[in-house]
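Predicted, not measured: the structure shown is a model, and the values here were computed from it. One is the number of the first residue; the rest follow in order along the sequence.
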Amino acid sequence: NAKYAVALEEDNPYHYNTLAAYYSSIGNSDLEIQNYERGLSYCLNEIEKTTFFSNLVGSYISKDEFYKAEEYINKSIDLNNQDAFAWFQYGELMRAQNRLDQAIEYYKEALKMEKMENLLQGKLYYSYSLCCLRYGKCEIAKEYINKALDIEPNNHDYQSLYNNLKYCQ
């Protein structure tokens, strides 16, 4: 359907976003990136561009191309430093590189912003909780994993972290 939508409205960036998400779900990161970049060329405003730049960050993280991910996250934040998703993605980039101090700071920035859609917000809570656990900040980690579970109670990753936190003091 997304390919058909692109054929009908080639200049709609969100069709490319949908296609990129599909390619991500089947593990084809090259086509994922290609579609984000094509969609980016049709973005009409900074909000749309911020989203596409931030989505590209996740694509490049999955390929372990951290230099490219950092290039895109900087573009995203330069356009809109009030976007929670951009700060979340910056945290994810830092966590992927095991730079947990910086990841925590970027997650905190995202937490200050307007909430994202539920599933993304749950991932933010989970990632922040995970980093806090690694630093022995048990109470903060417990608080945020509970928030993640409030959003998605059947998520196995969230449940596993919650179970690990039972023994954290």
Side-chain angles (χ1 to χ4, degrees), residues 1-99 102-128 130-131 144 147-148 150-158:
N1 287 340
K3 286 182 181 181
Y4 182 67
V6 165
L8 290 176
E9 294 180 299
E10 186 177 317
D11 61 346
N12 184 329
Y14 292 103
H15 298 322
Y16 295 99
N17 194 46
T18 302
L19 261 178
Y22 167 73
Y23 287 121
S24 173
S25 74
I26 64 169
N28 190 333
S29 57
D30 291 332
L31 285 175
E32 174 188 1
I33 289 168
Q34 180 184 349
N35 277 281
Y36 281 136
E37 288 177 344
R38 284 181 66 200
L40 189 57
S41 68
Y42 295 107
C43 290
L44 299 176
N45 59 53
E46 291 179 356
I47 293 171
E48 290 176 352
K49 288 179 184 179
T50 298
T51 300
F52 275 79
F53 287 144
S54 295
N55 284 338
L56 279 161
V57 171
S59 302
Y60 282 111
I61 289 171
S62 71
K63 291 181 71 160
D64 291 336
E65 292 184 24
F66 303 129
Y67 66 94
K68 208 59 177 154
E70 187 137 17
E71 177 185 320
Y72 279 108
I73 199 58
N74 286 326
K75 287 180 180 184
S76 182
I77 289 175
D78 284 346
L79 281 178
N80 183 2
N81 67 1
Q82 298 300 307
D83 184 71
F85 182 60
W87 287 107
F88 167 62
Q89 287 292 77
Y90 212 165
E92 293 292 272
L93 174 59
M94 294 299 110
R95 187 167 66 95
Q97 297 175 82
N98 207 30
R99 295 162 62 183
Q102 289 174 294
I104 286 173
E105 290 308 310
Y106 297 142
Y107 292 144
K108 284 180 180 178
E109 284 299 316
L111 290 167
K112 291 179 197 173
M113 309 286 166
E114 186 175 320
K115 287 186 178 183
M116 299 177 283
E117 67 157 76
N118 272 350
L119 292 180
L120 287 174
Q121 195 69 30
K123 289 178 183 181
L124 169 60
Y125 293 150
Y126 168 78
S127 294
Y128 182 58
L130 188 63
C131 288
Y144 281 91
K147 288 181 178 198
D150 286 344
I151 292 171
E152 206 176 346
N154 296 322
N155 183 302
H156 291 84
D157 291 331
Y158 300 176

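Using a 4.5 Å heavy-atom cutoff, the side chains of Glu46 and Asn80 are not in contact. Using a 4.5 Å cut-off on side-chain heavy atoms (C-beta onward), Lys108 and Glu105 make contact. Within the 4.5 Å cutoff, the side chain of Glu152 has heavy atoms near those of the Leu119 side chain. Put simply, the side chain of Leu31 does not reach to within 4.5 Å of the side chain of Tyr22, judged on heavy atoms. Side-chain atoms of Tyr144 and Leu111, non-hydrogen and from C-beta on, do get closer than 4.5 Å to each other.
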Stepwise salt bridge (charged side-chain N to carboxylate O under 4.0 Å, His left out) test for Lys112 and Glu109: CA-CA 5 Å; Lys112 291 179 197 173; Glu109 284 299 316; 3.0 Å; yes
side-chain contact (heavy atoms from CB on, under 4.5 Å) between Tyr60 and Val57, worked out: CA-CA 5 Å; Tyr60 282 111; Val57 171; over 6 Å; no
Derivation and outcome, side-chain contact (heavy atoms from CB on, under 4.5 Å), residues Phe85 and Ser76: CA-CA 10 Å; Phe85 182 60; Ser76 182; over 6 Å; no
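Note that CD of Glu32 is 8.0 Å distant from CG of Leu56, once rounded to the nearest 0.5 Å. Rounded to the nearest 0.5 angstrom, Ser41 OG and Tyr36 OH are separated by 15.0 Å. Between the OH atom in Tyr16 and the CZ atom in Arg38 there is a gap of 4.0 Å [rounded to 0.5 Å]. To the nearest 0.5 Å, atoms CZ (Phe52) and OG (Ser59) are separated by 11.0 Å. With rounding to the nearest 0.5 angstrom, the CG atom of Asn155 is 9.0 Å from the NZ atom of Lys123. Interatomic distance, Ile33 CD1 to Glu65 CD, rounded to the nearest 0.5 Å: 6.0 Å.
Contact detail for Phe88 and Leu124: the closest heavy-atom pair is CE1-CA, 3.5 Å. Nearest approach of Gln121 to Met116, heavy atoms of both residues: OE1-N, 2.8 Å. Ser62 and Ser29 get closest at one heavy-atom pair: OG-CB, 4.3 Å. Ala103 and Arg95 get closest at one heavy-atom pair: CB-N, 3.8 Å. Closest approach of Gln89 and Ile73 over heavy atoms only: CB-CD1, 3.9 Å. Of all the heavy atoms in Phe53 and Leu79, the pair that sits closest is CE1-CD1, 3.5 Å.
With hydrogens and angles disregarded, no donor-acceptor distance shorter than 3.5 Å links the side chain of Ser54 to the backbone of Thr51. Tyr90 contributes no side-chain N or O that, together with a main-chain N or O of Ile77, makes up a donor-acceptor pair within less than 3.5 Å. No donor-acceptor distance shorter than 3.5 angstrom exists from the side chain of Ser24 to the backbone of Ala20, with no hydrogens or angles considered. A donor-acceptor contact shorter than 3.5 Å links the side chain of Trp87 to the backbone of Asn81.
For Lys63, the NZ atom sits in a packed shell: over 12 heavy atoms of surrounding residues, nucleotides or ligands are nearer than 6.0 Å. Applying the 6.0 Å contact sphere to CD of Glu114 captures no more than 12 heavy atoms from other residues, nucleotides or ligands.
Cation-pi geometry between Lys75 and Tyr72 is met: the NZ or CZ atom falls under 6.0 Å from the ring centre, inside 45° of the normal.
Tyr107 and Tyr128 have perpendicular rings, their planes meeting at more than 60° on a 0 to 90° scale where under 30° would count as parallel.
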